[in-house]
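Written out below as structure tokens is the structure these notes cover.
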There are 2 protein chains.
Amino acid sequence: MFPSPSVAMPDDAGAQGAATRMRDVAQRAGVSPMTVSRALRDPSKVSPAVLRRVEEAVRAVGYVPNRLAGGLSSMRTNVVGMVVPSLDNSLYSPTIQGVSAVLHAAGYQLMIGECGHSPQGEEALVAAFLAQRVAGLMLHGVHHTEAAAAMLRRAGIPVVETGSLSAKPLDMVVSYSNEAAAQAMTLHLHRLGYRRIACVTLPSAGNERSRDRQRGYRAALASVGLEADPALLMEMPPGLASGAEAVVRLLQSPAPPDAVFFAGDVLAAGALFECQRRGWAVPARVALAAFDDIDILRHVVPPVSTLRLPRAEIGRRGAEVLLDRIEGRAAGTVAVDLGFEIVQRGST
Amino acid sequence: MFPSPSVAMPDDAGAQGAATRMRDVAQRAGVSPMTVSRALRDPSKVSPAVLRRVEEAVRAVGYVPNRLAGGLSSMRTNVVGMVVPSLDNSLYSPTIQGVSAVLHAAGYQLMIGECGHSPQGEEALVAAFLAQRVAGLMLHGVHHTEAAAAMLRRAGIPVVETGSLSAKPLDMVVSYSNEAAAQAMTLHLHRLGYRRIACVTLPSAGNERSRDRQRGYRAALASVGLEADPALLMEMPPGLASGAEAVVRLLQSPAPPDAVFFAGDVLAAGALFECQRRGWAVPARVALAAFDDIDILRHVVPPVSTLRLPRAEIGRRGAEVLLDRIEGRAAGTVAVDLGFEIVQRGST
DNA sequence: TTGTAAGCGTTATCAG
DNA sequence: CTGATAACGCTTACAA
């Protein structure tokens with residue numbers, strides 16, 4: 001049985017609406033739908049001649065498989081969900097790209113959702129992802145609602161958290177230690193000779209990472225016998241303007257610091273620009289250090305000392321351990337500490 | 001018939017694996033699955049008593065609907081796909097957030113894919129999204145492969161392009177005019193008295209937006225009778241370092257410009273930092289203008305003149321017109337020009 | 001207001 | 001290597 005010769009076959013030109021099904025491809029190729037399914041998923045399972053006919057038919061009718069049906073039937077999908085606090089902040093993009101690269105190479109799709117730094121937002125996204133029956137989930141937050149945790153537990157899919165190492169993990173964790181990093185930078189400043197070291201973090205309310213960094217800062221001071229002056233520990237919202245405001249407030253205080261460690265976002269860059277505007281010499285009048293190796297810090301004058309965090313590597317390794325579990329290559333849970341590096345530049 | 005009283009009912013504690021189905025909820029609530037379906041999608045269609053029982057059962061078993069099944073059955077999903085060239089670049093995030101906000105408010109999910117500035121990457125993502133039977137698609141690129149265009153045509157779902165106004169649209173467009181914006185900024189520089197105006201864009205190969213901006217620049221020069229010196233039109237890859245390199249090359253050339261218009265990415269910021277390093281006064285020695293109102297340009301010294309583009313509004317309006325079509329409130333295609341503004345600052 | 005029956009388009013399973 | 005058949009979990013259409 002052959003399909004009628006392609007006489008007066010409009011192929012697909014302006015066809016619109018009803019999607020073609022596997023059955024249409026099968027008919028045209030003169031085989032059963034099951035054979036089409038096999039040809040598409042594992043070409044080695046059908047004869048070369050049939051494979052050719054199927055491929056031709058797929059092209060001719062412009063067949064796009066229906067993964068809703070496929071997923072329903074096989075009880076598995078090739079979609080991985082990822083929840084990030086925000087997309088404004090280019091901090092998360094290296095991680096996203098790492099995840100994306102590994103996933104695509106393995107034939108998976110990435111679905112990203114933005115939860116706006118709120119556990120409720122995260123819960124809603126987790127529910128939505130679970131409803132799509134994602135094969136696994138990457139979470140940046142480490143603070144979850146009880147409901148979200150319960151859903152995740154019941155769903156029984158692999159989950160990787162990437163935001164912090166200190167939290168009691170839901171399942172797997174791939175990250176670096178916020179506390180150790182903050183401690184290391186504070187000690188570095190001390191080693192360079194600074195003795196009144198201020199620290200500015202993002203608001204710690206509901207932000208485990210900020211709290212970890214504050215803890216690291218305090219631990220460092222304690223270990224070298226410096227007093228932890230509460231006036232030297234500030235919290236500011238994200239943004240360049242916040243960094244500017246913070247440095248002004250600190251330097252105009254009765255007992256100004258000789259170094260400021262900005263443990264988050266682009267605060268350090270904002271502070272540097274403010275120093276440029278006011279003619280405050282960096283690092284002579286005040287040394288400035290940052291937390292993340294964003295491109296800009298390398299290009300400003302003077303370039304800003306900072307921590308290099310393994311953002312992209314976190315994404316890659318996270319996706320890898322997730323895939324290992326999804327595809328059954330590994331079973332247990334893992335916790336990976338990817339470390340960090342101090343980058344010493346002109347600002348300190 | 002009532003479910004057995006919750007004696008020795010472990011509820012969900014550590015249950016894991018087999019997801020609960022609508023049938024389980026129905027059984028527990030003592031109704032048919034159809035009633036559960038109704039209760040979940042339109043509570044007004046079931047009696048209050050039943051509704052309460054269903055809600056309780058849903059909670060008790062931790063039911064998460066299976067949208068693969070729902071979508072397959074109803075032939076529609078609540079997922080919208082979005083393809084962006086890159087996620088490094090925070091330029092796209094306002095648009096993504098605009099889309100995300102409107103979609104979530106309407107109960108839709110956003111699925112984001114990164115195509116790496118390549119039409120082939122876009123094609124792959126379009127295929128993947130279509131396979132998930134997304135309800136609609138947002139595309140930033142305006143240059144598509146023939147195959148991608150054909151798939152989109154056949155799928156018959158609404159598509160919004162947001163990258164540029166000039167392209168012959170696939171379906172709907174919501175954007176601003178890259179050409180008009182570049183022209184306006186060039187004219188603005190001329191009006192301020194600059195007479196040798198250079199322009200630096202991203203590589204134009206395969207980038208319609210860069211070509212549009214170059215066209216606008218040339219049109220502006222022509223309209224005021226300035227010669228278009230080819231030495232003053234450069235193309236550079238994205239990044240702060242590129243901007244630095246460009247300004248050095250231009251200013252050290254035999255006939256240096258008195259103003260440089262950086263029509264893309266963070267080039268202008270990179271150039272400004274280089275000027276700071278070299279002690280080149282801005283704007284006295286050279287004026288600098290940028291294309292996009294990124295936060296940093298407002299905070300550097302001097303602040304950089306630029307164009308304010310309706311990035312977030314593009315996302316919101318784009319999502320709105322997409323939803324109008326998805327939900328059948330509108331039929332035809334639309335093209336929306338959201339305009340732009342010139343922001344004059346100290347760098348010019 | 002509620003329930004029954006018949007798919008939706010795939011894939012798992014088992015026969016040939 | 002290929003095909004028939006029965007799910008997968010939900011919704012549409014109709015009936016009660």
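In the text below, chain A, chain B and the rest are named by the order of the sequence lines, each starting its count at 1. Please read all numbers here as calculations on a predicted model, not as lab measurements. Excluded from the calculations below are hydrogen atoms, water molecules and symmetry mates; all remaining heavy atoms, backbone and side chain alike, are included.
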Sub-4.5 Å side-chain heavy-atom contact between A:Val31 and A:Val46
no

Identify, between B:Ser32 and A:Ser37, the residue whose nearest nucleotide on DNA chain C lies closer to the 5' end.
B:Ser32

Applying a 4.0 Å non-hydrogen cut-off, can you work out what B:Arg41 is touching in the nucleic acid: base, sugar-phosphate, or nothing?
sugar-phosphate

First encountered from the 5' end of DNA chain C, between B:Ser44 and B:Ala69
B:Ser44

Look at the side-chain N and O atoms of B:Ser47 and state whether any lies under 4.0 Å from the OP1 or OP2 oxygen of C:dT2.
yes

Quick one: do the A:Glu161 and A:His144 side chains pair a donor with an acceptor below 3.5 Å?
yes

Under 3.5 Å, is there a donor-acceptor pair between the B:Glu123 and B:Thr145 side chains?
yes

Provide, to the nearest angstrom, the distance between the CZ atom belonging to B:Arg53 and the C1' atom belonging to C:dT2.
12 Å

Within this structure, what is the CG-to-P distance between B:Leu68 and D:dC8, rounded to whole angstrom?
15 Å

In whole angstrom, what separates B:Leu40's CG from D:dT12's P?
13 Å

Below 4.0 angstrom from OP1 or OP2 of D:dA7, is there any side-chain N or O of A:Ser73?
no

Pair A:Glu327-A:Tyr108, side-chain donor/acceptor within less than 3.5 Å
yes

Please report the distance, rounded to the nearest Å, between CZ in B:Arg133 and C1' in D:dT11.
17 Å

Report which part of the nucleic acid A:Met75 touches: base, sugar-phosphate, or nothing (heavy-atom distance under 4.0 Å, all strands).
sugar-phosphate

Figure out the CG/P separation between B:Asn78 and D:dT11, and round it to whole Å.
11 Å

Judged by modelled atom types alone, do A:Gln109 and B:Gln132 share a side-chain donor-acceptor pair under 3.5 Å?
no

Roughly, in whole Å, what's the span from NZ in B:Lys45 to C1' in C:dT1?
11 Å

Hey, is the side chain of A:Thr35 poking within less than 4.0 Å of OP1 or OP2 on D:dG3, counting only N and O atoms?
yes

Let me know the distance between CD of B:Gln27 and P of D:dC10, rounded to the nearest Å.
13 Å

At under 4.0 Å, does any side-chain N or O of B:Tyr63 touch on OP1 or OP2 of D:dG9?
no

Between atom CG in B:Leu72 and atom P in D:dG9, what is the gap in whole Å?
12 Å

Between B:Arg38 and B:Gly70, name the one whose nearest nucleotide on DNA chain D is closer to the 5' end.
B:Gly70

